[in-house]
Amino acid sequence: MSKLRVAVIGAKGRMGAEAVQAVEAAEDLELVAAVDRDEALETLTGAGAQVAVDLTHPDAVMGNVEFCVRNGIHAVVGTTGWTDERLDALRGWLADAPGTGVLIAPNFGIGAVLTMRFARQAARFFDSVEVVELHHPGKADAPSGTAVRTAQLIAEARREAGCPPQPDATSTALDGARGADVDGVPVHAVRLRGLVAHQEVLLGGEGEMLTIRHDSLHRSSFMPGVLLGVRRVPTAPGLTFGLEHFLDLDD
Ligand SMILES: NC(=O)C1=CN([C@@H]2O[C@H](COP(=O)(O)OP(=O)(O)OC[C@H]3O[C@@H](n4cnc5c(N)ncnc54)[C@H](OP(=O)(O)O)[C@@H]3O)[C@@H](O)[C@H]2O)C=CC1
Ligand SMILES: O=C(O)C1=N[C@H](C(=O)O)C[C@H](O)C1
């Protein structure tokens, strides 16, 4: 059987370099292009790439994904920065490209995907929920895409269950002291040398507390998810948001 032809965009970065190695090591995949800043995206079409993995920067990802979709290249996107407006624009491009698939994965780590799932399940049972994400200091965006998605899922579950707003008597605070407000869920971002990618979901109720914690200790933790996305996205036309859709999870 012929190998799936894969390109990596952002190939010299922390994640991109890891993805290049993972694709090269996979027997059913062929790395046909590895591009980074200031290298022409036409390299992908010239090389006949069927799937592109984008691991760049929130400022670059839209142009890259638009190029892929307009050229019929499926995309697996780990880059963060996906607002509702950006997702709407992407849906518009995909409407003109039936048959092309884009996976946006806020987190490729299986443990991180499960953290989001468990947080959503637990959210309605507790009075208070806050998210703390902890990352390496080279990270461009705060809070992390994973933390934003986690908070959105928590907020959605609490809305559906009719939960009241969280208790919080704070009446004076320094800017940022209570974190960012994502749909009513406080999200706190820590940047610390030595860290990779970590997240805690803190849930508090009467006389008890539940902590759900995930740690990515090395970027290799993201690679099984990247490869799964690469293999599955050609059979998933349109937009898939979240790796969980490719994991056959029971609810
Ligand atoms: N979904 C997931 O599981 C994960 C997602 N991420 C996300 O992936 C993205 C990359 O993270 P990370 O690898 O740590 O970042 P890095 O900064 O280490 O790597 C990004 C690379 O992309 C390059 N780049 C920037 N703009 C372009 C462009 N227009 N075209 C091609 N290459 C470009 C950068 O070049 P230069 O250095 O010159 O700017 C750099 O080499 C971030 O958004 C991060 O949040 C990270 C880990 C896991
Ligand atoms: O920049 C990172 O490192 C990571 N970014 C993603 C995010 O913002 O959620 C995924 C993971 O947390 C690592």
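In listed order, ligands and their atoms are each counted from 1. Just so you know, residue 1 is the first one in the sequence shown, and it goes up from there. Only heavy atoms go into these numbers, but all of them, side chains included; no hydrogens, no water, no symmetry mates.
Cluster annotation: Val185 is not connected to Leu153 through the hydrophobic network of ILVMFWY side chains, with a link wherever side-chain heavy atoms come within less than 4.5 Å. At a threshold of 4.5 Å between side-chain heavy atoms, the hydrophobic network of Ile, Leu, Val, Met, Phe, Trp and Tyr places Leu31 and Val51 in one connected group. The hydrophobic cluster containing Val148 also contains Ile212, counting ILVMFWY residues as joined when their side-chain heavy atoms lie under 4.5 angstrom apart, directly or transitively.
For the residue pair Thr80 / Asp141, a side-chain donor-acceptor distance below 3.5 Å is found, with atom types taken as modelled. In the model, Gln199 has a side-chain atom that pairs as donor or acceptor with a side-chain atom of Thr150 under 3.5 Å.
Using a 4.5 Å cut-off between side-chain heavy atoms of Ile, Leu, Val, Met, Phe, Trp and Tyr, Leu44 falls into a hydrophobic cluster with Ile9, Val35, Leu41, Phe67, Ile73. Within the hydrophobic cluster formed by Ile, Leu, Val, Met, Phe, Trp and Tyr side chains joined at under 4.5 Å, directly or through other members, Ile104 is accompanied by Val61, Met62, Val65, Val69, Val77, Trp82, Leu87, Leu90, Trp93, Leu94, Val102, Leu239, Phe241.
Residue Glu133 forms a side-chain hydrogen bond (donor to acceptor under 3.5 Å, both in side chains) with just one option from His198, His214, Arg191, and that option is Arg191.
Here the straight-line distance linking atom CZ of Arg159 with atom CG of Asp183 works out to 5.5 Å at 0.5 Å rounding.
When heavy-atom distances to ligand 2 are checked against 4.0 Å, the residues falling inside are Thr80, Pro106, Asn107, His135, His136, Lys139, Asp141, Ser144, Gly145, Thr146, Ala197, Phe222, ordered by chain and number. Within 4.0 Å of ligand 1, protein heavy atoms come from Ile9, Gly10, Lys12, Gly13, Arg14, Met15, Asp36, Arg37, Leu55, Thr56, Ala60, Gly78, Thr79, Thr80, Ala105, Pro106, Asn107, Phe108, Lys139, Asp141, Phe222.
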